[in-house]
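A note on names: the letters A, B, ... follow the listed sequences, proteins ahead of strands, and every chain is numbered from 1.
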Amino acid sequence: MSHNPTDMPASKTGADGHEVGRRYDHQAAETKWRAAWDEHKLFETDNDAPGEKYYVLEMFPYPSGRIHMGHVRNYAMGDVVARYRRAQGYNVLHPMGWDAFGMPAENAAMKNKVHPAKWTYENIATMRGQLKSMGLAIDWSREFATCDVDYYAQQQALFLDFLDKDLITRKNAKVNWDPVDMTVLANEQVIDGKGWRSGAEVEQRELTQWFFKITDYAEDLLQSLDGLDRWPEKVRTMQANWIGKSRGLQMNFELTEPTNGFDGFDIYTTRPDTLAGASFMAIAPEHPLAKALAKDDAALAKFAVDVRKSGTSAEELERAEKLGYDTGLRVKHPVKPGETLPVYVANFILMDYGTGAIFGCPAHDQRDHDFARKYDCPIIATFVPMDQDGEPNAFVATEPFVPAKTENVRWINQPAGVEKATGQEAIDATIDWAERQGLGSGQVQYRLRDWGISRQRYWGCPIPVVHCDTCGVVPEKKENLPIVLPDDVDFETPGNPLDRHPTWRDCICPKCGGAATRETDTMDTFVDSSWYFARFTDPKAPEPTTKAANDWLAVDQYIGGIEHAILHLLYSRFFARAMGEAGHLNVKEPFAGLFTQGMVVHETYRDGEGNWIEPADVEIRVDGNERFAFDPAGGKIEIGSIEKMSKSKKNVVDPDDIIERFGADTARWFMLSDSPPERDVIWTEAGAEGAHRFVQRVWRIVSEFAVTDVSTSGEMAKPTKTALDLRRSTHKAIAGVTDDIEKLGFNRAVAKIYELVNTLSSTLKTDALAGDTSLKIEGRQSILSLLSLIAPFMPHLAEECWSIMNGSNMVAQARWPVYDPALLKEDEITLPVQINGKKRADVTVAADADKATIEAAALALDAVQRALDGGQPKKLIVVPGRIVNVVV
RNA sequence: GCGGAUGUGGUGGAAUUGGUAGACACGCCAGAUUUAGGUUCUGGUGCCGCAAGGCGUGGAGGUUCAAGUCCUCUCAUCCGCACCA
């Protein structure tokens, strides 16, 4: 077969009446094969089907309006895994749903006067269509949206069960309050101290809120990270840091003179070994002692209010000065009898960590150092670096700040009775010592806070409790569920529409039967996404989960963005535990395998006035290795940095356009090529065209071969060397691609598919095939294997090619090809021969040649003889199967 | 400040246990073709050099017969967390 179009047997037609040489029509083929999969219900999963289970899940999308390239990448990866596992004979669960509650729907309601439900469901309809056009092997029969009453009804049932198991509490907490929108904002929605939407100065308010007691599981959530060996190290580290476990000493400092009922207060420190360096005490403005003092001290009261007015953003904290207010109180120094320390109220002390009070050690803590400099407290070092020569106190006099590293230090000041230890031992020894002295006790602290889930929002899952004047806060009865959101709400005024609904709040107290009012707060949308993966296993069940959840979970492969490394994944891990406690699940870790994929990024373009320009309006011209951009009128466009696709920078490529122009297969292929999946991928026009050319190339090779007459079953041809080589290459590709998909190395799998296609292209030429029956047979086999390998990536193209090759059924029903390990080994191998570590020649020997044979062959080489110049090698290293190194 | 990555041609990136650096792709160069359908095919392409040869995985050292890979130091970029005691 030749690739010259002139040689093409134009009159012939392939199977399926396909005209050979015609270009691959992606639109026709993709529509046809999606319909065929649907018709056979190929991807609908039966919970009781035979075969080992495999649950593959991509993080479900928020129905924002349209899918973007990030979705395409995410779902293409998941689909490769799903189709690959299916072909291997697993019973695969690969569902899709919608994370459908949340603020954007309400914002749209306010802006466009459209009901959040209508907006959301219309978006879902659009995006469902877009996802379907990708040809994903998804069981759409299990689809749900979290705003479906059926879903949130079960979530309310879960809430009641959690309440029953004491997994939920109601308490006061400080929240970011937007006074214009009249709602609580999450920390990430506060930008420079202002509401991200309203621009109003955010207030700190104390509100009564519902909390999930995630801190009860802090230790378990931390410990279990060790078992998550198919999670990225990075994510596990981030979660561990977020949980923030530390061990330290909690100890009491005694006031010289009791006041307001306090005769002292507790502090917490992770560095008790620096106790001798204490030079002042600091307590949070919200500390009970500070509050008590402020009652009789107007200046202190004002100080406490003032310091909390400043913003909470990281930058502001960075700039913020250390501020203190001297209370005039003094405490006894616990290790220096007779000495006392001043007590300050300070702005940099947080009430909700430790005890809200510290001892300041300016010599070893930067913040304490800054404070001491300002308020003139002494700086007392307890150690100096080990490599510090000379008199330690002289060193300390010139270098008052010594970083608090625990290793390699020389002690100059330690509490009496503590052994001269270093590092963690010194800390542990001091804690032991303090316990013996009755000064305090070892304590474990976590940074993790309970999860506040109350939101003053309409578009969320109503919290199923009522407020009764007689009975207080009463859980709703299960038989009264679901508490359904009312439809008739208005968004004319800011705040929560549920609050001002004329009738929705009215209800009967489940306890006393009297008139009561409903809770109008709804749940944080992270609650919705904390158990959806369990619901997919039996999405229509009249209870949250059934036995199916235990059968299917954990998710074998979860794929999504790194941005959910902490919140969503930590909340879901908590939920699995809480659901276990409430009897709904017996799998503790919901995601056995996690993969975090990189973003899709694109160049940015700006015109002379600095306006962002869309890629579609930019023409790229290439001159050598330089690229230049122009607008349609020929005006110069500046090519800017490569950034995440965003509407504001207009560097967005719409998946619909790409799928229409090139087809879903091209989009999928490009998303999986080149870049390692965990890294960002740069979308380029040239790359997309390249992927499309490959689609056409595969089609050309297969469709040209398809007309070859392979009906030679009568004569069993002995395979020629060409045929055997092709077989070898094919089996190598099967082995490589299989291994790469197992490891989610899609870019490497793609490269190996390219190699096989290159081999097929150069091997299956018309003249070669003409006289070689065995090559025809081998070629057919090889192409069928290739199509199986391609199918997870480009399923439509693979089906179309499979059909013209007269493959049985559909490739989506075919088993994954197996390779013969014997064929991976070559008969003869070529070893590199190095002289002094530099490659100078090759030697070809039998694959199973022994050391002596290889040595002799290598020494006989001209290049080696020349280098030896008649002498003997100093050393001769032979690694069979690897390399020969001659040292002269 | 704490924690975690990453660094390889013009570009994206390959490279089991240390064993041929640059697979595969994009781009580029040259050539071929009765070039319709965002062509196709052949060859070339790390750098310097006419060549022999030399140099080459952010930089500097080291271990080794052999280092992208191991060790020490260092630079740069990115990400996460953060007045967390």
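- Atom C1' of nucleotide B:G27 and atom CD1 of A:Ile682 are separated by 14 Å, given to the nearest angstrom.
- Between the P atom of B:G3 and the CZ atom of A:Arg447 lies a distance of 15 Å, rounded to the nearest Å.
- Distance from the side chain of A:Ala686 is smallest for B:C26 among the nucleotides B:G80, B:G38, B:C26.
- Between the C1' atoms of B:G22 and B:U8, the separation comes to 8 Å (whole Å).
- Judged by closest nucleotide on RNA chain B, A:Asp740 is the one of A:Asp368 and A:Asp740 placed further toward the 5' end.
- What separates CD1 of A:Ile562 from P of B:U6 is a distance of 13 Å, to the nearest Å.
- Contact between the side-chain N/O atoms of A:Arg236 and the OP1/OP2 oxygens of B:G3 is not found at any separation under 4.0 Å.
- In this entry the distance linking CD of A:Gln696 with P of B:U39 reads 10 Å, nearest Å.
- Within a 6.0 Å radius of OH in A:Tyr754, more than 12 heavy atoms belonging to other residues, nucleotides or ligands are found.
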Exercise for the section: Any chance you could lay out the side-chain contact (heavy atoms from CB on, under 4.5 Å) test for A:Tyr571 and A:Ile214, step after step, and finish with the verdict? Expected result: CA-CA 8 Å; A:Tyr571 292 154; A:Ile214 192 170; 4.2 Å; yes
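- Remark: the A:Asp450 side chain and the A:Thr215 side chain contain an N/O donor-acceptor pair separated by less than 3.5 Å.
- Taking only distance into account, the side chain of A:Gln366 never meets the base of B:G1 through a donor-acceptor pair shorter than 3.5 Å.
- A heavy-atom distance below 4.5 Å is not found between the side chains of A:Phe793 and A:Arg668.
- Considering only side-chain N and O atoms, A:Arg23 lies nowhere under 4.0 angstrom from the phosphate OP1 or OP2 of B:A36.
- Contact annotation for A:Asn758: backbone-only contact, meaning every heavy-atom pair under 4.0 Å involves sugar-phosphate atoms and none involves a base.
- Among the atoms of the strands shown, only primed sugar atoms or phosphate atoms (P, OP1, OP2) are found under 4.0 Å from some heavy atom of A:Thr270.
- The distance from atom CD1 of A:Ile753 to atom CZ of A:Phe694, rounded to the nearest 0.5 Å, is 6.5 Å.
- Looking at heavy-atom distances under 4.0 Å, A:Ile349 makes contact with a base.
- Using a 4.0 Å heavy-atom criterion, one finds that A:Tyr754 contacts the sugar-phosphate atoms exclusively.
- A:Asp273 places its CG atom 13 Å from the C1' atom of B:A85, with the value rounded to the nearest Å.
- Distance noted for atom P between B:U64 and B:C81: 45 Å (whole Å).
- Residue A:Ile658 contributes atom CD1, which lies 13 Å from atom C1' of B:G38 at whole-angstrom precision.
- Rounded to the nearest Å, the gap between the C1' atom of B:G13 and that of B:G46 is 14 Å.
- Among the protein residues, A:Asn747 comes within range of the sugar-phosphate backbone only, with heavy atoms under 4.0 Å from sugar or phosphate atoms but none that close to a base.
- Heavy atoms of A:Glu685 sit under 4.0 angstrom from at least one base atom.
- The six-membered or imidazole ring of A:Tyr375 lies away from that of A:Phe280, with a centre-to-centre distance of 6.0 Å or more.
- Residue A:Lys322 has its side chain nearest to B:C83 when only B:G12, B:C83, B:C24 are considered.
- The closest donor-acceptor contact from the side chain of A:Glu678 to the backbone of A:Thr596 lies at 3.5 Å or more, if one exists at all.
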Practice task
Report the C-alpha distance between A:Leu323 and A:Phe303 in whole Å, list the side-chain angles of each, state the deciding distance to 0.1 Å, and finish with yes or no for side-chain contact (heavy atoms from CB on, under 4.5 Å).
Solution key: CA-CA 9 Å; A:Leu323 295 173; A:Phe303 173 83; 4.0 Å; yes
Practice task
Please step through salt bridge (Lys or Arg N to Asp or Glu O under 4.0 Å) for the pair A:Lys374 and A:Asp370, ending with a clear verdict.
Solution key: CA-CA 6 Å; A:Lys374 186 159 179 187; A:Asp370 295 347; over 6 Å; no
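- For the P atom pair drawn from B:U77 and B:U72, the interatomic distance equals 23 Å after rounding to whole Å.
- B:G37: glycosidic angle beyond 90° from 0, hence anti.
- Taking the C1' atoms as reference points, B:U69 lies 11 Å from B:A21, given to the whole Å.
- Within the structure, every side-chain polar atom (N or O) of A:Arg748 is placed at least 4.0 Å from both OP1 and OP2 of B:A23.
- Between A:Leu744 and A:Met77, the closest side-chain pair of non-hydrogen atoms is not below 4.5 Å.
- With hydrogens and angles ignored, no donor-acceptor pair closer than 3.5 Å exists between the side chain of A:Lys752 and the base of B:C24.
- In this structure, A:Leu672 places its CG atom 17 Å from C1' of B:A14, rounding to the nearest Å.
- Taking the six-membered ring wherever Trp is involved, the centroid distance between the rings of A:Phe662 and A:Phe670 does not fall below 6.0 Å.
- OP1 or OP2 of B:U39 lies within a sub-4.0 Å distance of a side-chain N or O belonging to A:Arg693.
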Exercise for the section: Report the secondary structure of RNA chain B in dot-bracket form, marking unpaired bases with a dot and bases paired to a different strand with |, and treating Watson-Crick or G-U pairs with both distances under 3.5 Å as paired. Expected result: (((((((..(((......[....)))((((((.......))))))(((....)))..(((((..]....))))))))))))....
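- For A:Leu350, whose side chain is taken as the heavy atoms from C-beta onward, the closest listed nucleotide among B:G38, B:U40, B:C83 is B:C83.
- The side chain of A:Lys234 lies closest to B:G4, out of B:A25, B:G4, B:A23.
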Handout entry: Worked verdict on A:Ile883 versus A:Gln834 for side-chain contact (heavy atoms from CB on, under 4.5 Å)
Key = CA-CA 8 Å; A:Ile883 203 161; A:Gln834 297 183 330; 3.5 Å; yes
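- Listed pair A:Arg449 / B:C84 fails the phosphate criterion, with no side-chain N or O lying under 4.0 Å from OP1 or OP2.
- Comparing atom distances between the A:Ala751 side chain and each of B:A23, B:G13, B:A25 picks out B:A23 as nearest.
- In this structure, the CE atom of A:Met238 is 7 Å from the P atom of B:G80, given to the nearest Å.
- With distances taken from any side-chain atom of A:Lys875 to the nucleotides B:C83, B:C65, B:A82, the minimum falls on B:C65.
- Residue pairs meeting the side chain to side chain donor-acceptor pair (under 3.5 Å) criterion with at least one partner in residues 233-251 of chain A, sequence neighbours excluded, are A:Glu219-A:Lys245, A:Glu233-A:Arg236, A:Gln239-A:Arg573, A:Ser246-A:Tyr268, A:Ser246-A:Tyr353, A:Gln250-A:Asp266.
- A gap of 16 Å separates the C1' atoms of B:C70 and B:U57, to the nearest Å.
- On the C1' atoms, B:G68 is 11 Å away from B:G7, given to the nearest whole Å.
- Remark: the separation of the C1' atoms in B:A30 and B:A76 is 39 Å, to the nearest Å.
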Grab the N/O contacts between the protein and nucleotides 19-22 of chain B below 3.5 Å, and write none if there aren't any.
| residue | atom | partner | partner atom | Å |
| --- | --- | --- | --- | --- |
| B:U20 | O2 | A:Lys839 | NZ | 3.0 |

